[in-house]
Structure formats: C-alpha cells, structure tokens
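Right, one structure below, let's go through it.
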Protein chains: 2
Amino acid sequence: MINSRLAVAIHILTLIASRKDQVEMTSEFIAGSVNTNPVVIRRIIGMLRKADILKTQAGVAGAVLARNPDQITLLDVYRAVEPRDELFSIHEDPNPNCPVGKRIQGSLDHIFHHAQSMMESELSKKTIKDILTSMFA
Amino acid sequence: MINSRLAVAIHILTLIASRKDQVEMTSEFIAGSVNTNPVVIRRIIGMLRKADILKTQAGVAGAVLARNPDQITLLDVYRAVEPRDELFSIHEDPNPNCPVGKRIQGSLDHIFHHAQSMMESELSKKTIKDILTSMFA
DNA sequence: CAACATGTAACTGAAATGGTTACATCTATT
DNA sequence: AATAGATGTAACCATTTCAGTTACATGTTG
C-alpha cells in the first residue's frame, strides 16, 4: 500500500488554498487539522517546496502556494512526495538459463509501466482547485 | 512501492502455462527460475490456490492452472496476492472541527478509488496468455 | 517403508513509515 | 540587540511489511 504522504500533502495544499487572510498557515496550525506532529508536516512541506509547489521562508510563519491551485495537479503532488519512480516491484535476477526467466522482466516492465501510467494519468486530471471546489460546492 | 509478489506470481503462472509435458512444476523448479527460495514460491502458490487460479495437491509434485491462461487476468493475480483493498493510504482522524479536515477524507477516498480503478482496469486487460505470447512471439 | 513434495509456522534482517525530541537558524518585533 | 516564535533537519524509536530461511508435519507414490 502506498504511504499516506500523498493524502497528507493534498490536505496541506487544500488547507493553504482555502486560507482566509487572517490565518497564517504554520506547521503547527496545519498539524492541528491533519492531526499529527508539526515535524511530519514540515517534512512533507519540505518535499513540496523542493518540487516548487509551495514556498516557505525560514523563520517566517506560513506557507503559500507557488502557483494557482488549478495549476497544481495531484500527479505533481504524487511525484513530489513519492521518491520511487516505479509503482510495482520486479524480482531481481531471474534465471537467464530459463526461457521464461530470461524474458519475464521485459514483459513485466512493459505491463507495469502501462498500468502505472493509467493511474498517473487519472491523478493528472485533478487539481487542488478541483478538490477545493468539490469540497465546498 | 508495491511488493514483488505480483511479479513473482505472474512469473509462476507463466512458467506453468509454458510447461512442456516432461517437466513437473515443483516449487523447487520454479524457485530455480525465479531465483529465490522454494518456500517463497509455495507461499505465493498458496495465495493463488485460495483464489482458485491454480491447483496443487499436498504430497504430489507439480502445480497446474485451474483454468486456461486466457481466462486468468493480471487483475485476478493482483487481487490474489495483494491482501489490501486500497492502493493509497489516507491519514486517520483529521480534525472534524476544521472545514477541510472534516471533508478531506471523502474527497480523497473518491479520487484515490478512481485512480486505482484505472490501474486495475489496465491489469484486467492482460492475461497470462498475453504474457506468454508476447514473450515467445 | 522410503523418498520426495507440499503446507505452514516461526524466526530473521532489512527497509519504510510515522511520530517524537532536540536543536540550529532565521525573522520580526520590541 | 535581545527575545519570541517559526522553520529546517538530524536523530532516534516503535511498528509494520517483506523476502529469505529453517524446521517440521502431512500427504503421495513407488
């Protein structure tokens, strides 16, 4: 099962996108909404910052989006918080002396890549803005 | 990242489907092609048996498919070896007093379910026979 | 009965994950 | 400039998952 970083990252970004002017989006405040530790939030915010999805400044309270909510797809977020390129693992070193062992990796690679693409394509169709509007329609 | 059980299970089934009459598909033989321990193979074979994808008999050498290779989709195999229903995790207990925290799970659930369905739909289009023919075309 | 295969429990080490403490660094305000 | 408060990160921990392994009970066949 894929970890919960994607879910938390979307939560963070939706919160920031829904921000009323009064409130600063500190890691402490966000942690209160997600119900976890502020360091967990800062860790994920760090990944989102490296992916240029949001901006923070050391010492100054509050994170802000680096671009409009409709320009942040869930695939962007997924890629930001998921270090691995491949969704499916393939067993290493199958026996090259076996006709199946010799060819299986190529077949699996092809199929898995395709299945992953379909999933990612779906994520690419939804943005943080979509989440926000569906949430408060 | 998803574990390698799906990859190994497909390897096992492809091997059995490619079986020449002489060779019995023992866990030892299959382990030689996959390049792992026979118990790892028997464990996965156990899951495939519970899903009625293949048949074995305690004490008698060799596993055989329970139906034709073109009637075994990769989604069948995925469901057999993947105990979790959900591909994506969602963080638990977001703050119900926060407008976003209160609604986020429903939104995530909906989107994640859709993305997973796209991936699974792709797996359902390929069968063990497809693997076999693409491998030895 | 002997040889051999399956079925499973149990243990292990490695890796990922999420939570936590601690602390260095930076900024704004007084 | 001093202080309060926020961010950035390292380090540690417990839990879980995974794959590999040993061990052994059970079943089958010659």
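Computed from a predicted model, the values in this text were never measured in an experiment. Chain letters run A, B, ... following the sequence lines, proteins first and then strands; every chain starts at 1. We use all heavy atoms of the structure for the numbers below, so side chains are in, but hydrogens, waters and symmetry mates are not.
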Testing A:Leu13, A:Thr36, A:Ile44, A:Ile30 for side-chain contact (heavy atoms from CB on, under 4.5 Å) with A:Val8, which one passes? A:Ile44
Tell me: CD of A:Gln57 to C1' of C:dT27, nearest whole Å? 8 Å
Walking DNA chain D from its 5' end, the first of B:Arg42 and B:Pro83 to be reached, judged by nearest nucleotide, is B:Pro83
With nearest nucleotide decided by heavy atoms, which residue, A:Ala58 or B:Gly59, maps closer to the 5′ end of DNA chain C? B:Gly59
What is the distance, to the nearest angstrom, from the CD1 atom on B:Ile41 to the C1' atom on D:dT21? 14 Å
I would like to know whether B:Asp70 and B:Lys126 meet salt bridge (Lys or Arg N to Asp or Glu O under 4.0 Å); could you show each step before the answer? CA-CA 9 Å; B:Asp70 63 348; B:Lys126 292 278 181 186; over 6 Å; no
Euclidean distance, atom CD1 of residue A:Ile44 to atom C1' of C:dA16 [Å, nearest integer]: 14 Å
Distance check: side-chain N/O of A:Arg49 vs OP1/OP2 of D:dG8, anything under 4.0 Å? yes
Measure CG/B:Asn3 against C1'/C:dA14 and give the value in whole Å, please. 15 Å
Just N and O in the side chain of B:Thr26: are any of them under 4.0 Å from OP1 or OP2 of C:dC4? no
Donor-acceptor pair, side chain of A:Glu122 and main chain of B:Met118, under 3.5 angstrom: no
Tell me whether the OP1 or OP2 atom of D:dT7 has a side-chain N or O from A:Ser27 closer than 4.0 Å. yes
Distance criterion of 3.5 Å, no angle test: do you see the side chain of B:Arg43 paired donor-to-acceptor with the base of D:dT17? no
Over how many whole Å does the gap from A:Glu28 atom CD to D:dA4 atom P extend? 17 Å
Under 3.5 Å: donor-acceptor pair, side chain of A:Gln116, backbone of A:Asp85: yes
For A:Ser33 and A:His11, which I'm curious about, is there any donor-acceptor pair between the side chains at under 3.5 Å? yes
Reckon B:Arg5 has a side-chain N or O less than 4.0 Å from the OP1 or OP2 of D:dC18? yes
Report which part of the nucleic acid A:Val60 touches: base, sugar-phosphate, or nothing (heavy-atom distance under 4.0 Å, all strands). sugar-phosphate
Does OP1 or OP2 of D:dG20 have a side-chain N or O of B:Thr36 closer than 4.0 Å? yes
Quick one: B:Ile90 CD1 to C:dG18 P, roughly how many Å, whole number? 13 Å
For B:Met1 and C:dT17, what is the distance between atoms CE and P respectively, to the nearest whole Å? 10 Å
In this structure, how many angstroms lie between the P atom of C:dA5 and the CD atom of B:Glu24, rounded? 10 Å
Check this one for me: any side-chain N or O of B:Arg84 less than 4.0 Å away from OP1 or OP2 of D:dT17? yes
